[in-house]
4 protein chains.
Amino acid sequence: VGGIDGEVLGFTIGKDPALDLMLAEEDCLGTAAHVTMLSRIPVRPRILSATERDRVVGELVAIIRRIRAGRLRIDETDQDVHLALERLLTHRLGDMGRKVHTGRSRNDQIAVDLRLYGKARILDLFEAVHDLISELMAFARRHKSMPMVGRTHMQPAMPSTVGLWSSAHAESLLEDAQLLKGAYVLNDVCPLGSAAGYGVPLPIDRGLTARLLGFRRPHANVLYASNARGKCEAAILSALSQIMLTLSRLSEDLILYTLPEFGYFRLAPEHCTGSSIMPQKRNPDVLELVRARASRVLADAAAAHGVVRGLPSGYSRDLQETKEPFIEGLGTTLAAVRILVRLVGGLRADPAALRRGFGLEVFATHRALEWVARGVPFREAYRRVKGDPAGSNDGKGLAGRIRSERLAAARADFGALRARADEVRDFASRERRKYAACISRLLGVNYPGLERRGGGRRAGSIRRT
Amino acid sequence: VGGIDGEVLGFTIGKDPALDLMLAEEDCLGTAAHVTMLSRIPVRPRILSATERDRVVGELVAIIRRIRAGRLRIDETDQDVHLALERLLTHRLGDMGRKVHTGRSRNDQIAVDLRLYGKARILDLFEAVHDLISELMAFARRHKSMPMVGRTHMQPAMPSTVGLWSSAHAESLLEDAQLLKGAYVLNDVCPLGSAAGYGVPLPIDRGLTARLLGFRRPHANVLYASNARGKCEAAILSALSQIMLTLSRLSEDLILYTLPEFGYFRLAPEHCTGSSIMPQKRNPDVLELVRARASRVLADAAAAHGVVRGLPSGYSRDLQETKEPFIEGLGTTLAAVRILVRLVGGLRADPAALRRGFGLEVFATHRALEWVARGVPFREAYRRVKGDPAGSNDGKGLAGRIRSERLAAARADFGALRARADEVRDFASRERRKYAACISRLLGVNYPGLERRGGGRRAGSIRRT
Amino acid sequence: VGGIDGEVLGFTIGKDPALDLMLAEEDCLGTAAHVTMLSRIPVRPRILSATERDRVVGELVAIIRRIRAGRLRIDETDQDVHLALERLLTHRLGDMGRKVHTGRSRNDQIAVDLRLYGKARILDLFEAVHDLISELMAFARRHKSMPMVGRTHMQPAMPSTVGLWSSAHAESLLEDAQLLKGAYVLNDVCPLGSAAGYGVPLPIDRGLTARLLGFRRPHANVLYASNARGKCEAAILSALSQIMLTLSRLSEDLILYTLPEFGYFRLAPEHCTGSSIMPQKRNPDVLELVRARASRVLADAAAAHGVVRGLPSGYSRDLQETKEPFIEGLGTTLAAVRILVRLVGGLRADPAALRRGFGLEVFATHRALEWVARGVPFREAYRRVKGDPAGSNDGKGLAGRIRSERLAAARADFGALRARADEVRDFASRERRKYAACISRLLGVNYPGLERRGGGRRAGSIRRT
Amino acid sequence: VGGIDGEVLGFTIGKDPALDLMLAEEDCLGTAAHVTMLSRIPVRPRILSATERDRVVGELVAIIRRIRAGRLRIDETDQDVHLALERLLTHRLGDMGRKVHTGRSRNDQIAVDLRLYGKARILDLFEAVHDLISELMAFARRHKSMPMVGRTHMQPAMPSTVGLWSSAHAESLLEDAQLLKGAYVLNDVCPLGSAAGYGVPLPIDRGLTARLLGFRRPHANVLYASNARGKCEAAILSALSQIMLTLSRLSEDLILYTLPEFGYFRLAPEHCTGSSIMPQKRNPDVLELVRARASRVLADAAAAHGVVRGLPSGYSRDLQETKEPFIEGLGTTLAAVRILVRLVGGLRADPAALRRGFGLEVFATHRALEWVARGVPFREAYRRVKGDPAGSNDGKGLAGRIRSERLAAARADFGALRARADEVRDFASRERRKYAACISRLLGVNYPGLERRGGGRRAGSIRRT
């Protein structure tokens, strides 16, 4: 770090030591692929022999175990994960360690780390989203025909069912998963070998490193591989924003419908929290936090987009500032989906409270359409019903109305939703298996055997350190 | 509108009369599909006979012609496009006009209008993006091996080429097009028939209206069809944001590289503007506006996301406020892409100025790797070169260095980029043809024959009225 | 406009012709001050004689009348308001018209226009905010001791009053007015004479133009006068955002508390809207729109901040893109405050519904503190009450509890709020009078006599054209 | 924490243990004021005797020492700083500790902590901003008349000086300081005693606690005291955003003007950083990070505004999510200002490079105005010069032009800027002294003697842990 002013160094490093810990395993994987490729390219003398490559990879596996045991530290001397790991390798392997950085830059290293990290997190997220869809659909099936007032402008509007309400949120998540898949595929492109954005004057094989790490393909243009940093993160954060929008609306619904004034639903007591001054309180803090964290993830996305906008081509240090919103956004979204899996799992409906929400005016449209059925044009029928919204003289009671309305649940195609949910799960499993197979081959160990730590705790570790 | 306070009415209507003009043609299409479906559902008596359906559709075609001639006005009495058109229909067709609103709500009407509008605009955008990619690739091919200093931190870093620079922006747009496709597919789902979010007590056929309008499918859940309003627009705006990020970076590059201090590129004189006080000025206003409008589109996206966040299920009037950012965001992005097609088309490179950018220190990495080729570990080679960055003693001149570096253009795979550009174009053409065929069938006229007005002018009309 | 490509010209002009119409009167005022100053600076020959100055100012007054009569048009040939007015002046006054642009640039012209426009709109806003505070305080006084359940997490928490609720929103607006005053003072600095940011080689007197237009002072540094463009607008938009946050919360409260499930408050029927499909509906559309438009204004602020961030010193065309968010943000906020004045004025409270919200558990904290009064430590008292939240055995009935709680209204100091509201009104009136006196002197007519058009319609005109 | 699900608890606690460490000292101060007030209110028996009060305050001083020594830990059992400190007090003082929470809630506790924290940080920021203004003005004075090309659209436009450039950024900071002062005063209002937003049924004295802690006044309305949470933070973040906008522009200028193509300025070598692959690089990473962190602070502001928008009155847990953006935004801004103090202090200008930027066309406006001086109307003079921008025949050489232009520095009023800078410093010192005196009185120790830790390290500790 030579003659750099200490304050300047501290300022530029920022939170990297903490954030980079999240990326340490991915950094090892990128290095493993890089040295494997170096050992195979046709230059004489070989940059790295096959034996050297094996020793480096073996050492990287040892480092991964150390990372998983929580025994890696990155301090300000290291600055970042790349230098920390290079120091470790050099300490163990001498000159061999000093060779691993041949033909790459920290720019493409961090870029590939973030791609691999994003991939793993998105796969976790697919599973969590699938679980939440399953809980919502299970709740929808259990209450498929249970009457519930449908609202517009939060005012009672038309008859509906709990099944329609719950499965609406499930379809929302299905569309979110579709966008997330788009972001996943965008992310699944390998920047390794682009070096500082202009390649290197060595016959390195970018296609090979891409394949070794399980990517769909390398970038076609090395400068774009560099320019894509931050931009790809911003696109993923946009996909996460969509999920958070869905969760914020589900949360808002539950906050309102669990109020004593509605009482339609009840959260499990162990999912509520109390107050330090009001002994009687049972508050839906989780739901409020999810609602608020949607704003946080929107802001994470805004930060990443804002940083990238107007940058000239080629790496600028500005891009470091997209790392934290990216890691935070992924962690926040994953944690929010997972906690709602739990809350929806514990949710109870109260049929009596749901029924109390109905008044005859909720059937006004129905009555207008009954006039239509007798040949009255809709606008005329509308006018008649408006004069008598409660339909005092139409001879059908509220109970009968509610009963007959149960058919409304047919307005959600549960089969189609289920099929689409299965596709989400299948896509995620397939991708996860493919990735595991690639990395196992690369490291020469059973990568599923090196069990990853659960995503929640991991996200948590950066949040709570 | 009855007893509503005038100020309140004005406040709620807002800019709808102007904005809805943009959606008037789409509103006619939605109504044509709706009445066609009504005429076919198995209720007795028929809500609308086949003959009535034909008369309504014929009248809608006449209205579309009127809209295209700029002769539709929506005033505050109408409030919005739906009531304006219903009034026109009723004026011409009497009771028949009063029937068309049977089984739908303004909620699903505006929702389907926005989907159709979005579809048409995104198809326009695909074409414009493809054109810009083509111009960038043509520029890249013409200057494939023309040396240009590659920069990081805007400082000279490594040798590169104009071809690499230009095609990097092309690959960026290709990835943007991929995300845009995801947004297009998300948008291609039909909300018609969801009414106010709870369906209607009539055996309407949502699958049929979806097919008639050329949508991939209807929503599975009618409440979600309503909840998706605003959310879908937000997702599209996120895709547009990615395009604007790319354009903002291309613009920033051109602003800098056309400065006299660089002079790498020259904009055509007719693409520059002057000053009211400084007679000598030739300014890149277009590029500055594109850079700034990227922030505008990011804000449009932020507005749409912000409005939707935390809303309870079921329609709320809040959603009206996503309409303007959506229409503006689409218009702004389309206009920005199109103007850059023009500017890149007129761009000239100055080989002499490009060469002046080189110094020997740009080859420092190369020299380090030459040591590596002789068996020195990279970190040691790096140390040696750092002590003598200009390489005064290495016996190779700058000219020779620059010459040999022309190979670097190989670091962009032009063939792959071309193939992906073709896919973008083919996807857009195929979708456009399919859509035209559907609507032609629905209206009974040759829908391509009813030539649409160009997207730019149309977007312009709302911007500049 | 010489040899500029038509598409490029259209792109750069953007919405300026429409937006600049909003600034036309202010542009005349700036020109009047500029020519007055030119006529007084000590160069020989005089740039403009006193007689010439009087003729120009007389013509400007005539143009202002024309603007107010809605008879000014800015077309694409003019590009912007400055050229349109210069053309008008030259048409009437010949060479004299061609002299008015001496020693200034369109940069400082538009900058001063925006400052004057902002000043007028903020003064309007102060009045509207004061009116809303008055309505909220009047409602608070009328219902000072009317019991209302205080909520946290939207759950019933502690006893409170309608007076406390209503005056809380008033205090929020008072703090917003305080920030708005800060923005007003920031805005009240004159950029005229900075030309393109580097002054002019003429002995112009920037202090004089500043005084003539009623500004506190000119900028100390002409380059900063130019750099402040956009930044000042962003600061004002931040102040507007605070107002919109307050309004969004007031709206949310009213949306919830006017639901049938609560029924605490009732909007006047003429302040609600209906549905096209549900004849019975009375919806709080205004409140939903205010809630949503808060997100719009936040996005306007984000746009302005985003455009300015990272710009190099000196004018860039990017700044044009802060004009629309600025004008829109001001118009939206003003309209929202004004419509809520109306709605709060028509608001009714329902004492019976308010009472129904109470249960004995709302007094749990009170009961805990009764234990404390008997010497039990709070944490122990808390524990006891938690075991019996409804206080079944405490011998005091709900009605008695509610009655005694009326004192709680004392928890808002109405007198202090009233005094601060008066200060807001007084500040605005004083500033308005000072400004009118200055401009009257400058134009030689009774500027209050040239009655300004009402802010709402004006803001509306750009929204609805 | 009773029966709360572990995952739910973890989710709701979030990052509070880490964030609350930043607020621990302020929490002690709030508690000291609260118990002092409790010991003085006229209830029998006293809630706390004077002696008990003294023991609690003594214990709090001990805890503050412990906090400053870095020996406080908040774990998940504690949940937050309030419970952690209550536990410590109870551990040491028994029942006395259990009494301190009488008549308050965690809501007003955290609210007052944030106010005190904000106050201290803003005072630090005033000093740092003042230091940066001083460095910029010193640089301006040293290079007051050194010629520098003034630019618009980044293109050379008119003659200017380094003094004008540097002092322009100083005036920008002076206006930012003015807005920051507005935010400081807004923040300087005491929420303590509002409890959960509805006060408490005890005759507590909110005016007294406000005075004890050095606040200007308490909130007039206890519900608003609660509603202001998040909103006040958002207002402060808006003020910080303005500072970051200024810093981002200063950084952009320096990034460009230190490029080899310009070379106007040079950063001290120890303020630049290198590259892991390119041994020759000296990069302005600090400036790029400041530019990017401006986007981060804008996003922090967006997060806080977004969370608050549309919340109903009364505390919701959503507000917890404004804490991190608030603390982060303050820390980021403070660190950015401080590092730029260092960089500007080490900045060097290169007169030769600055001169090379000039061409005769930069004097085109001057030449037009020379025609004007001879009686030609400006528009005609403009036309003439446009035909001969370099003024080949006007008989004055470039050197002479540049020399005579030195007068231009007069276009910045250095004296006025200096006077305003002094006001900023004086305001901050006065407020800091007042605060220290209050707290010293409250704690009975010399509060300046309990030296606070430096802001940088403190902000750093949360960033870098």
Side-chain angles (χ1 to χ4, degrees), chain C residues 95 98-99 101-102 150-154 157-158 160 164 167-168 171-172 175 179 182 186 196 198-199 201-202 220-224 227 231 235 238 241-242 245 248-249 252-253 256 291 294 298 302 305 308-316 366 369 372 375 377-379 411-413 416-417, chain D residues 45 95 98-99 101-102 150-154 157-158 160 164 167-168 171-172 175 179 182 186 196 198-199 201-202 220-224 227 231 235 238 241-242 245 248-249 252-253 256 291 294 298 302 305 308-316 366 369 372 377-379 411-413 416-417:
Chain C
D95 265 11
R98 274 182 276 273
K99 286 179 182 177
H101 203 60
T102 313
R151 291 167 187 270
T152 60
H153 309 268
M154 267 307 285
M158 291 180 73
S160 181
L164 189 75
S167 59
E171 187 171 12
S172 190
E175 294 213 335
L179 287 170
L186 185 85
Y198 303 98
L202 283 177
N221 178 306
V222 290
L223 176 54
Y224 178 62
N227 286 351
K231 194 157 176 301
S238 288
S241 298
Q242 288 288 321
L245 288 185
S248 76
R249 301 190 71 171
E252 178 74 5
D253 279 359
L256 294 171
R291 181 172 65 181
L298 295 185
H305 283 86
V308 169
R309 189 207 61 117
L311 281 184
S313 278
Y315 179 76
S316 297
H366 290 60
L369 288 169
V372 168
F378 178 73
R379 279 291 168 225
R411 281 162 211 144
D413 181 345
L417 293 172
Chain D
D95 265 11
R98 273 181 277 273
K99 285 179 181 178
H101 203 61
T102 314
R151 293 168 185 269
T152 61
H153 308 268
M154 268 306 286
M158 291 181 73
S160 180
L164 189 75
S167 59
E171 187 170 14
S172 191
E175 295 213 336
L179 287 170
L186 185 86
Y198 303 99
L202 284 176
N221 178 306
V222 291
L223 177 54
Y224 178 63
N227 286 351
K231 195 156 176 303
S238 288
S241 297
Q242 288 287 321
L245 287 186
S248 76
R249 300 190 72 171
E252 177 74 5
D253 279 359
L256 294 172
R291 181 172 65 181
L298 295 185
H305 283 86
V308 169
R309 190 208 61 119
L311 282 184
S313 278
Y315 179 77
S316 298
H366 289 60
L369 288 169
V372 168
F378 178 72
R379 278 291 169 225
R411 283 167 207 140
D413 182 344
L417 294 172

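If you're wondering where the values come from, they're calculated on a predicted model, not measured in any experiment. Just so we're on the same page: letters track the sequence lines, and every chain starts at 1.
Most heavy-atom pairs under 4.5 Å with chain C: of the set D:S248, D:A168, D:G182, D:G314, this distinction falls to D:A168. Ranked by heavy-atom pairs shorter than 4.5 Å toward chain D, the options C:M154, C:E171, C:K99 are led by C:E171.
Looking at C:L186, the atoms closer than 4.5 Å to chain D (heavy atoms on both sides) sit in the backbone and in the side chain alike. Contact of D:L223 with chain C is made through backbone and side chain together, with heavy-atom distances under 4.5 Å. The parts of D:L311 that come within reach of chain C are both its backbone and its side chain, each placing non-hydrogen atoms under 4.5 angstrom from that chain. Both the backbone and the side chain of D:A235 come within contact range of chain C, judged by heavy atoms closer than 4.5 Å.
The nearest pair of heavy atoms linking C:A196 to D:M158 is CB-SD, 4.4 Å. Between D:P377 and C:R98 the shortest heavy-atom distance is CB-CB, 4.0 Å. Nearest heavy-atom pair across C:L245 and D:H305 is CD2-O, 3.5 Å. Closest of all the heavy-atom pairs between C:G199 and D:R411 is CA-CD, 3.7 Å. The nearest pair of heavy atoms linking C:G310 to D:E252 is O-CG, 3.0 Å. Here the closest non-hydrogen pair linking D:L256 and C:P312 is CD1-CB, 4.1 Å.
Note: C:N221 CG to D:L417 CG = 6.5 Å, rounded to the nearest 0.5 Å. Note that NZ of D:K231 and CZ of C:R249 are 8.5 Å apart. Values are rounded to the nearest 0.5 Å.
Judged purely by atom type and a 3.5 angstrom limit, D:R151 has no side-chain atom pairing as donor or acceptor with the backbone of C:S313.
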